[in-house]
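As structure tokens, the structure follows; a few thoughts come after it.
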Protein chains: 2
Amino acid sequence: MKKQLRRSNCPINFGLEAFGDTWSLLIIRDIVYFGKKTYGDFLRSDERIATNILANRLAQLERHGILVKTPHPIDRRKEVYTLTEKGIDLIPILVEMANWGAKYDPDTGAPQEWIALVNSDKENMIRLIQDTVREGGSVFVGPNSVIDRLAQRE
Amino acid sequence: MKKQLRRSNCPINFGLEAFGDTWSLLIIRDIVYFGKKTYGDFLRSDERIATNILANRLAQLERHGILVKTPHPIDRRKEVYTLTEKGIDLIPILVEMANWGAKYDPDTGAPQEWIALVNSDKENMIRLIQDTVREGGSVFVGPNSVIDRLAQRE
DNA sequence: CCGGATCCGTTTCGATACTG
DNA sequence: CAGTATCGAAACGGATCCGG
């Protein structure tokens, strides 16, 4: 019983089969913007993803080399999900999406001040976000978040 | 019977309910890169979208103000779908997606020469693409395509 | 408690056939 | 050419259960 074709392998498909799904994108957003790391973190996020869907998407993202799962260093019960370099390279897309969302859907978009900040020096801000995520940080949440780093520079 | 919630209105949802769907994205890609404009054009594209899905997505994109449908100026049987400014503002996202896809999925990605060209002067190239699409052109196909314009500059 | 796996009723998707 | 109608397949949401 061969699996039915849902999406074709067309040129310029943007690698959609890897991340072109709502839930996957929201997981990545949770990691990048809010520093979420564990199954429980993702479950507790606002969009109330079902447990089976979450497990499925995490496995899928791992299979595609966008996430890696490692045992939690302290709490042995937990697993920690982090972005690979392939995942970190999605950040420019997230940034452009956030721009678009903030412009056309301000209610559910990122804060306008943040958007303005990013666009004032986009290349460097993207690099800063990427470096922060590489070191386990996030944009808004946690010590050494991007917004903290920017505040310290002044 | 209240409709079940599928996607939450979370902050920074990227305006996903408007375009965060595979087929919608491929329609927009067809317009931007290949200059497709009519229902038939989209149907004939490589990914073989089903007729009902195509009709559904076109209507959805129109509802979200990303596309507009206008009667074909000459052939009265056809309708022409074009991007609004809201739709044209998706182009930076497409460009970043194309970058990522070309890097991690070269087989189905855009030509590497094109990717290199875009990144050599990203801001201006995006503006050029957007202007071209505004005037009814596309990146690769048709008279006054982006690649033609770039060739003429030399 | 934490990270899932499994089952089930409902919703959505998608391939094909068909119509104005 | 530009869509509807139909209907089986897949995805989803919710609840529950289970091993560590």
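Every chain is numbered from 1 and lettered A, B, ... according to where its sequence line falls, protein lines coming before strand lines.
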Rounded interatomic separation in angstrom, taking CG from Asn56(A) and C1' from dG3(C): 15 Å
query: Just how far, in rounded Å, is P of dC1(D) from CZ of Phe42(B)?
result: 14 Å
- prompt: Nearest to the side chain of Ala55(A), which nucleotide is it out of dG14(D), dC13(C), dA5(C)?
  reply: dA5(C)
Close side-chain approach of Arg29(A) to Phe34(A), heavy-atom, < 4.5 Å: yes
task: Measure the spacing between CG of Leu150(A) and CG of Leu128(A) and express it to the nearest 0.5 Å.
output: 5.5 Å
message: Rounded to whole Å, how long is the line connecting atom NE2 of His72(A) with atom P of dC1(C)?
response: 17 Å
task: Quick one: label Tyr81(B) by what it contacts on the DNA or RNA (base, sugar-phosphate, nothing), any heavy atom closer than 4.0 Å.
output: sugar-phosphate
field: Separation of dC1(C) P from Asp41(A) CG (nearest whole Å)
entry: 16 Å
field: Joint cluster assignment, Val68(A) & Phe19(A), ILVMFWY side-chain distance < 4.5 Å
entry: no
query: Touch check for Arg77(B), heavy atoms < 4.0 angstrom, all strands: base, sugar-phosphate only, or nothing?
result: sugar-phosphate
message: Between Lys86(B) and Asp89(B), does any side-chain N to carboxylate O distance fall below 4.0 Å?
response: no
query: Tell me, do Thr82(A) and Leu67(A) make a side-chain contact under 4.5 Å, heavy atoms counted?
result: no
- line: CD1 of Ile88(B) to CG of Leu94(B), rounded to nearest 0.5 Å, is 11.5 Å
Nearest listed nucleotide, side chain of Glu79(A), among dG4(C), dC12(D), dC13(C): dG4(C)
message: What I want to check is whether an N or O donor and acceptor connect the side chain of Thr51(A) with the base of dA5(C) at under 3.5 Å.
response: yes
task: May I ask you to evaluate whether Trp23(A) reaches the phosphate of dA11(D), defined as a side-chain N or O under 4.0 Å from OP1 or OP2?
output: no
query: Roughly how many Å is it from CZ in Arg48(A) to P in dA15(D), rounded to a whole number?
result: 10 Å
statement: Note: contacts of residues 57-70 of chain A with DNA chain D (heavy atom, under 4.0 Å) are Arg57(A)
message: What's the closest nucleotide to the side chain of Tyr39(B) if the choices are dC12(D), dT4(D), dC2(C)?
response: dT4(D)
query: Could you give the CD1-to-P distance, from Ile53(A) to dA10(D), as a whole number of Å?
result: 15 Å
- prompt: Among the nucleotides dC7(C), dT6(D), dG3(C), which one has an atom lying closest to any side-chain atom of Asn52(A)?
  reply: dC7(C)
- prompt: So if you build clusters from Ile, Leu, Val, Met, Phe, Trp, Tyr with side-chain heavy-atom gaps below 4.5 Å, do Leu58(A) and Val80(A) land together?
  reply: no
message: Tell me the interatomic distance from Leu43(A), atom CG, to dC12(D), atom P, rounded to whole angstroms.
response: 15 Å
- line: Leu54(B) CG to dA2(D) C1', in whole Å, measures 9 Å
